[in-house]
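Here is the naming used below: chain letters follow the sequence lines, and residue numbers restart at 1 for every chain. Since we're looking at a predicted model, the values are computed, not measured.
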Amino acid sequence: MKNRDDKQSTIERNSEKKSPDENRAPIDFIRAIIARDLKNNKNDSRVHTRFPPEPNGYLHIGHAKSICLNFGIAAENTGGLCNLRFDDTNPSKEDQEYIDSIFEDIRWLGFDWEDRLYYASDYFEKLYEFALQLINDGKAYVCDLSAEEIRQHRGTLTEPGKDSPYRNRTVEENLDLFQKMRAGEFPDGSRVLRAKIDMKSPNMNMRDPVLYRILRATHHRTGDAWCIYPMYDYTHPISDSLEGITHSICTLEFEDHRPLYDWSLDELDIFRSRQIEFARLNISYTVMSKRMLLKLVEEGLVSGWDDPRMPTISGLRRRGYTPQSIRTFCECIGVAKKDSMVDVALLEHSIRDDLNTGAPRVMAVLRPLRVVIENYPEDLVEEFEIANHPNDPTMGSRKVPFSRILYIEQDDFMEEPPKKFFRLGPGREVRLRNAYFITCRDVVKDANTGEITELRCTYDPATRGGDAPDGRKVKGTLHWVSAEHSIKAAVRLYDRLFTIPNPAAENNFKTYLNPESLVSLKECRIEPGLKEAAPGSRFQFERQGYFCVDMKDSSVDSPVFNRIVTLRDTWAKIEKKEPGEK
RNA sequence: UGGGAUGUCGUCUAACGGCAGGACACGAGAAUUUGGAUCUCGUUAUGGUGGUUCGAAUCCACCCGUCCCAGCCA
């Protein structure tokens, strides 16, 4: 049996409509391990995890998976805790800007580290003392080999390494040298402290790994107090141990490092945290490595870490994704050890699903086509009371003006419509959503370009509200705005960043950037009521998709909307399937 | 070719010796004042070969595929 608390809270996490039993998310292998540990009273029945980002970039949705896992596990278990710890042992790559962004992103996702904020750099003094202890125990030595020489001594995947000539220095000499390293008596890169393990180990990580390097770089927290910095493999287990972390969850590539993780704790004889590895998140049509994301930012291929096309938390936030949708997504994808690539369609589903319930419906015309209702009085303006959500009356309604000159979507008219096209065409009748039936009587074109500039239509006054008293049906319903009353807006149509499912596997991933990942429209017309829309607020533009008021660039005078995700589009599918039908 | 992992529908993930299930995607249909949402139905999977067993995705053997490791990065 699984641990009771664990099971109980798993039920709570998912308790929406269905009965708890059929709704219970399956327990992943990590939660199973924790449940077993709890049952065996391991760690005094404590569950303590940590999220350990390096502040060398912005968090992405892969980190969200880890955050949801670590903070989620803590929340599911009574008394469970999750620390936030910055793994800041490499000052040459790290920056306060990243730390601040990480705070913001974790909070925004809905998680709280309370008073448990830690920095590996806070342990520098203790780490140093532990290193002294290792030296005293004959488990570490100062090595004078250059980086290149160390590499040569390390051997290869198939050949064992050779011992360093400095491997057998006396404890006294090592102590003296290491203290001098700290005191700044040697130049950068001239010496390192190494663990004395086994140069013949088939695991490269055990071939006397470097524990400390000399590096004169100003640390964002400790300043110039140190000129030697500990390595990840040495710092991480000790930090976990010091904080009493029971389950140290990380990604698969650290599997080979676990023997070293365990070695450190064993040799130092301190609290034994357990490292567990899971498969990192990959999503199709994007890249997920900080290295590649940094490249996109540095080379100006995106507007920044928070470009709405980026898979970063800040990018998704600006795009309009809700924290809930990301948490749901992370729960849906599961946790396992198999390398995998999640279909981006699942991410899109999670935000559609969330916004379908909560986002008010409005009308916006992205590519306006002028429509004149010839039999509608010149100076009449009607106001239609329109529901904000067709299936949820509690969301209220709003007034939308209607007049003789309107805009509809260019895509909603075809001069020679194919069979399955239900929208407007010459002589055809359609419904204007929540307004009238109109019939297209004439098409006006630019004499020079042949471009359609205006549609002349008539309306049926008896169809006010959108129903015909004589019972006649129309197949199509179009959205619209009143030309005079609508507001001009800019809309950014975002699409997937890359054209191929796995750009990271290519030699030059930038070759596959999607040139249409951003289409900027500047002449869109939106309902007048949208003027007051707050930055960050989300709407469904009917028949088109979900949109979000941009948090940086939008203003009352010139509103800017980001497309979060399109609606499922059956017509687009038909078009794609039968392109000749046009 | 050393070591460490990992193979279940198109994708992700369950089933822990006893009916291969769910989600997304896809397809068909119903209904529809969003070609949305909703509802109904459906297609598709245990990498391979042997073995153990009344019974194998699950246990054993061999084979095959994929991923990770030779930073003074994390």
Are the aromatic rings of [X] and [Y] close, with centres under 6.0 Å apart?
{"X": "A:Tyr459", "Y": "A:Tyr436", "answer": "yes"}
{"X": "A:Phe29", "Y": "A:Phe278", "answer": "no"}
{"X": "A:Tyr261", "Y": "A:His257", "answer": "no"}

Could you state the atom-to-atom distance from [atom1] of [X] to [atom2] of [N] in whole Å?
{"X": "A:Asp208", "N": "B:A70", "atom1": "CG", "atom2": "P", "result": "16 Å"}
{"X": "A:Asp392", "N": "B:U34", "atom1": "CG", "atom2": "C1'", "result": "16 Å"}
{"X": "A:Ile30", "N": "B:A14", "atom1": "CD1", "atom2": "C1'", "result": "16 Å"}
{"X": "A:Phe178", "N": "B:C72", "atom1": "CZ", "atom2": "P", "result": "16 Å"}
{"X": "A:Asn434", "N": "B:G36", "atom1": "CG", "atom2": "P", "result": "17 Å"}
{"X": "A:Glu542", "N": "B:A37", "atom1": "CD", "atom2": "P", "result": "13 Å"}
{"X": "A:Phe329", "N": "B:U13", "atom1": "CZ", "atom2": "C1'", "result": "13 Å"}
{"X": "A:Asp233", "N": "B:C69", "atom1": "CG", "atom2": "C1'", "result": "11 Å"}

Please pick, from [options], the nucleotide with the shortest atom-to-atom distance to any side-chain atom of [X].
{"X": "A:Thr477", "options": "B:C73, B:G35, B:C72", "result": "B:G35"}
{"X": "A:Ser340", "options": "B:U13, B:C24, B:C73", "result": "B:U13"}
{"X": "A:Glu54", "options": "B:C12, B:G35, B:A74", "result": "B:A74"}
{"X": "A:Met204", "options": "B:U13, B:C73, B:C69", "result": "B:C69"}
{"X": "A:Thr158", "options": "B:G27, B:A25, B:G2", "result": "B:G2"}
{"X": "A:Ala345", "options": "B:A74, B:C24, B:U34", "result": "B:C24"}
{"X": "A:Asp28", "options": "B:C24, B:A14, B:C73", "result": "B:A14"}

Original post:
What is the distance from atom CE of A:Met288 to atom CD1 of A:Ile61, rounded to the nearest 0.5 Å?
Top reply: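 If we round to the nearest 0.5 Å, A:Met288:CE and A:Ile61:CD1 are 6.5 Å apart.
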**OP:** Look at the aromatic rings of A:Phe86 and A:Tyr119 and report parallel, tilted or perpendicular, splitting at 30° and 60°.
**Re:**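 The arrangement is parallel - the two ring planes meet at less than 30°.
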Original post:
If you pin A:Asn205 and A:Asn56 to their nearest nucleotides in RNA chain B, which one's is more 5'?
Top reply: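 Looking at the nearest nucleotide for each, A:Asn205 comes out on the 5' side.
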**OP:** Select from A:Val335 and A:Ile214 the residue whose nearest nucleotide in RNA chain B is closer to the 5' end of that strand.
**Re:**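 The answer here is A:Val335.
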[N], OP1 or OP2 - any side-chain N/O from [X] closer than 4.0 Å?
{"X": "A:Arg291", "N": "B:C73", "value": "no"}
{"X": "A:Arg154", "N": "B:C72", "value": "yes"}
{"X": "A:Arg568", "N": "B:A37", "value": "yes"}
{"X": "A:Arg213", "N": "B:C73", "value": "yes"}
{"X": "A:Arg151", "N": "B:G71", "value": "yes"}
{"X": "A:Thr570", "N": "B:G36", "value": "yes"}
{"X": "A:Thr89", "N": "B:A74", "value": "yes"}

Under a 3.5 Å cut-off for both distances, is [N] Watson-Crick or wobble paired, and to whom?
{"N": "B:C62", "result": "B:G48"}
{"N": "B:A57", "result": "none"}
{"N": "B:G29", "result": "B:C39"}
{"N": "B:C72", "result": "none"}
{"N": "B:U8", "result": "none"}
{"N": "B:C19", "result": "none"}
{"N": "B:A14", "result": "none"}

Sticking with atom [atom1], work out how far [N] lies from [M], rounded to a whole angstrom.
{"N": "B:U1", "M": "B:C12", "atom1": "C1'", "value": "34 Å"}
{"N": "B:A56", "M": "B:U49", "atom1": "P", "value": "14 Å"}
{"N": "B:A20", "M": "B:G29", "atom1": "P", "value": "31 Å"}
{"N": "B:A45", "M": "B:A25", "atom1": "C1'", "value": "15 Å"}
{"N": "B:A15", "M": "B:U32", "atom1": "C1'", "value": "39 Å"}
{"N": "B:A57", "M": "B:G17", "atom1": "C1'", "value": "11 Å"}
{"N": "B:G3", "M": "B:G21", "atom1": "P", "value": "39 Å"}
{"N": "B:A74", "M": "B:C68", "atom1": "C1'", "value": "15 Å"}

Original post:
Which letters describe nucleotides 3-10 of chain B, given B = protein heavy atom under 4.0 Å from base, S = only from sugar-phosphate, - = neither?
Top reply: BSSSSS--
Pick out which of [options] makes a side-chain contact (heavy atoms from CB on, under 4.5 Å) with [X].
{"X": "A:Thr235", "options": "A:Leu127, A:Leu211, A:Asp88", "answer": "A:Leu127"}
{"X": "A:Phe51", "options": "A:Leu59, A:Ile249, A:Asn83, A:Leu69", "answer": "A:Leu59"}
{"X": "A:Phe329", "options": "A:Asp354, A:Ile351, A:Val342", "answer": "A:Val342"}

Subject >> salt bridge (charged side-chain N to carboxylate O under 4.0 Å, His left out) between A:Arg154 and A:Asp208, worked out >> reply: CA-CA 8 Å; A:Arg154 188 154 32 221; A:Asp208 288 11; over 6 Å; no
Original post:
Has the side chain of A:Arg167 got a donor or acceptor atom that lies under 3.5 Å from a matching backbone atom of A:Tyr141?
Top reply: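 No, the answer is negative, given that no donor and acceptor are paired below the 3.5 Å cut-off.
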Original post:
Judged by atom type as modelled, is there a donor-acceptor pair below 3.5 Å linking the side chain of A:Thr463 to the main-chain atoms of A:Gly466?
Top reply: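 No; zero donor-acceptor contacts below 3.5 Å.
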Original post:
What do you reckon, do A:Trp571 and the base of B:G35 stack, with centroid distance below 5.5 Å and planes below 30°?
Top reply: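 Per 5.5 Å and 30° rule: yes, stacked.
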Original post:
Side chain of A:Gln544, base of B:U34: donor and acceptor closer than 3.5 Å?
Top reply: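 Side chain to base: no pair present.
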Original post:
Does B:G47 sit syn or anti, given that only angles within 90° of 0 count as syn?
Top reply: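 Glycosidic conformation of B:G47: anti.
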